[in-house]
Participant: 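One structure coming up, written as structure tokens, with questions to follow.
Order of the sequence lines sets the chain letters (A, B, ...), proteins ahead of strands, with each chain counted from 1.
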Number of protein chains: 2
Amino acid sequence: MTHPLFHPDAEEISLPAIFTALGDETRLNIIAILARNGERAMTCGQFTELGSKTALSYHVAKLREAGVINVRPDGTKRFLTLRRADLDNRFPGFLDSVIASASTIPLPENQSPAGPAETPGETEWT
Amino acid sequence: MTHPLFHPDAEEISLPAIFTALGDETRLNIIAILARNGERAMTCGQFTELGSKTALSYHVAKLREAGVINVRPDGTKRFLTLRRADLDNRFPGFLDSVIASASTIPLPENQSPAGPAETPGETEWT
DNA sequence: TCCTTTGTTCAATGATCCTTGAACTATTGA
DNA sequence: TCAATAGTTCAAGGATCATTGAACAAAGGA
């Protein structure tokens, strides 16, 4: 990595940018799954059912550039987390209402709402 | 009008569609102004500072088709209102958080937050 | 009836979006 | 060192988007 991945500062996160980022089915699903997974970070590889490797890379970048998620490289993987604190601070109540609303929408595959991990040792923390 | 303006049923309103509709600066401004105006309906002509006549017609149609606003033709005018009840029913808390968040963003012109009408008799009710 | 007001529709244009496959980089484990 | 893993970058494609001006339609008032 020549320079670290760009993330907008908390105060630079704009509402239209968030809406644009969330206005895509794939990206909204990524957010919903991340939210269901609690505070645990997830890798891009855990979203393969949502699209191709290339498409996911594209969508994850969009979410990152909009300030919705944080992407932390670690080895060959990237760990994704919601920027909860930053979003709550800038737009109080917004993320919660989005997650609550998005949760009424069925996910494309068998995404269990944060039960015990099927493959122990795979979960990571921020 | 050959047939009345299309409005999606409340249960057909989708979150991605709302995000797509609100992911545009002009449309978000329309919503913010509508919200600031309380329950009063507004005409397209009251948004001229946000864009040309043609552009506004385009954006208002987008908001209507996404289920965010209701458009009621009356004479030569169209009266716009937020679909508060439908949105609150389908996505509780969502619209309020959007409006609260959008209200922290400055409006492009001197949009007073629902003070007394400068031109009495122009306000309308749903 | 004629003109004004209010807003729509159309065609054209340039910009942006999302997806794809192929090629590539970087890291890890054997 | 070699191969597998995880993800990025690039170019190309078609689709959708947002804006413009010109023409149009519908209703209302003089």
Participant: Verify, without hydrogens or angle tests, whether B:Asn29 (side chain) and B:Glu25 (backbone) share a donor-acceptor contact under 3.5 angstrom.
Facilitator: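 Checking the backbone N and O of B:Glu25 against the side chain of B:Asn29, a donor-acceptor pair under 3.5 Å is found.
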Participant: I need the CZ-C1' distance between A:Phe47 and D:dA6, as an integer number of Å.
Facilitator: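 In whole Å, D:dA6 C1' lies 14 Å from A:Phe47 CZ.
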Participant: Say you draw a straight line from CG of A:Asn70 to NE2 of A:His7; how long is it, rounded to the nearest 0.5 Å?
Facilitator: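 Those atoms lie 4.0 Å apart.
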Participant: Measure the distance from CD1 on B:Ile69 to C1' on C:dG7 and round it to the nearest whole Å.
Facilitator: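 Atom CD1 in B:Ile69 sits about 13 Å away from atom C1' in C:dG7.
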Participant: So, B:Ser103 side chain and B:Ile99 main chain: donor-acceptor pair closer than 3.5 Å or not?
Facilitator: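 Side chain of B:Ser103 to backbone of B:Ile99: a pair is present.
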Participant: To the nearest Å, how far apart are A:Leu80 CG and D:dA6 C1'?
Facilitator: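 Value for this atom pair: 12 Å.
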Participant: Does anything in residues 14-22 of chain B reach DNA chain D, meaning a heavy atom under 4.0 Å, and if so which residues?
Facilitator: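 Listed by number, there are none.
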Participant: If I take atom CG in residue A:Leu5 and atom C1' in nucleotide D:dA6, what distance separates them, rounded to the nearest angstrom?
Facilitator: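 For the pair A:Leu5 CG and D:dA6 C1', the rounded distance is 14 Å.
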Participant: Quickly work out the B:Arg78 CZ to D:dA26 P distance and round it to whole Å.
Facilitator: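 Interatomic distance, CZ of B:Arg78 to P of D:dA26: 11 Å.
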Participant: Once you measure the plane-to-plane angle for B:Phe94 and A:Phe19, does it fall in the parallel (<30°), tilted (30-60°) or perpendicular (>60°) bin?
Facilitator: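 Correct class here is perpendicular.
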Participant: Checking B:Thr26 now: which residues fulfil side chain to side chain donor-acceptor pair (under 3.5 Å) with it, not counting sequence neighbours?
Facilitator: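 Not a single residue meets the side chain to side chain donor-acceptor pair (under 3.5 Å) criterion with B:Thr26.
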Participant: Is the CD atom of B:Glu65 crowded by more than 12 outside heavy atoms at less than 6.0 Å?
Facilitator: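 Enclosed: over 12 neighbouring heavy atoms sit under 6.0 Å from CD of B:Glu65.
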Participant: A:Leu63 and side-chain contact (heavy atoms from CB on, under 4.5 Å): which single residue from A:Ile18, A:Leu34, A:Val68 fits?
Facilitator: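 Only match with A:Leu63 under side-chain contact (heavy atoms from CB on, under 4.5 Å): A:Val68.
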Participant: Could you state the atom-to-atom distance from CG of A:Asp74 to P of C:dA26 in whole Å?
Facilitator: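 For the pair A:Asp74 CG and C:dA26 P, the rounded distance is 17 Å.
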Participant: Specify the separation, in whole Å, of atom CZ of A:Arg72 and atom P of D:dG7.
Facilitator: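 Going from CZ in A:Arg72 over to P in D:dG7 covers 12 Å.
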Participant: Considering only D:dT19, C:dG7, D:dA6, which nucleotide approaches the side chain of B:Thr26 most closely?
Facilitator: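 Out of D:dT19, C:dG7, D:dA6, the nucleotide with an atom closest to B:Thr26's side chain is D:dT19.
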Participant: Determine whether B:Phe47 and B:Val60 make a side-chain contact, defined as any pair of heavy atoms from C-beta on separated by less than 4.5 Å.
Facilitator: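 No, their side chains stay 4.5 Å or more apart.
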Participant: Select from A:Asp24 and A:Gly75 the residue whose nearest nucleotide in DNA chain C is closer to the 5' end of that strand.
Facilitator: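 So the residue in question is A:Asp24.
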Participant: State, yes or no, whether a side-chain contact exists between B:Phe79 and B:Thr43 at a heavy-atom distance under 4.5 Å.
Facilitator: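 The answer is yes; the side chains approach within 4.5 Å.
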Participant: Which residues pass the salt bridge (charged side-chain N to carboxylate O under 4.0 Å, His left out) test with B:Asp86, sequence neighbours left out?
Facilitator: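 Testing B:Asp86 for salt bridge (charged side-chain N to carboxylate O under 4.0 Å, His left out), a comparison that skips the adjacent residues, returns B:Arg83.
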Participant: May I ask you to list the residues of residues 51-67 of chain B, by number, that have any heavy atom positioned under 4.0 Å from an atom of DNA chain D?
Facilitator: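 Of all residues in residues 51-67 of chain B, the ones placing a heavy atom under 4.0 Å from DNA chain D are B:Ser52, B:Thr54, B:Ala55, B:Tyr58, B:His59, B:Lys62.
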Participant: Which nucleotide in the list C:dT6, D:dT19, D:dA18 gets nearest to the side chain of B:Lys77?
Facilitator: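 The answer is C:dT6, which lies nearest to the side chain.
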Participant: Once you build an axis from the first five pairs and another from the last five of the helix from C:dT1-D:dA30 to C:dC17-D:dG14, how far apart in angle are they, to 10 degrees?
Facilitator: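 End-to-end axis angle: 20°.
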Participant: Can you sort out the partners of A:Ser97 under side chain to side chain donor-acceptor pair (under 3.5 Å), two or more places apart, ordered by chain and number?
Facilitator: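 So A:Ser97 forms a side chain to side chain donor-acceptor pair (under 3.5 Å) with B:Ser97.
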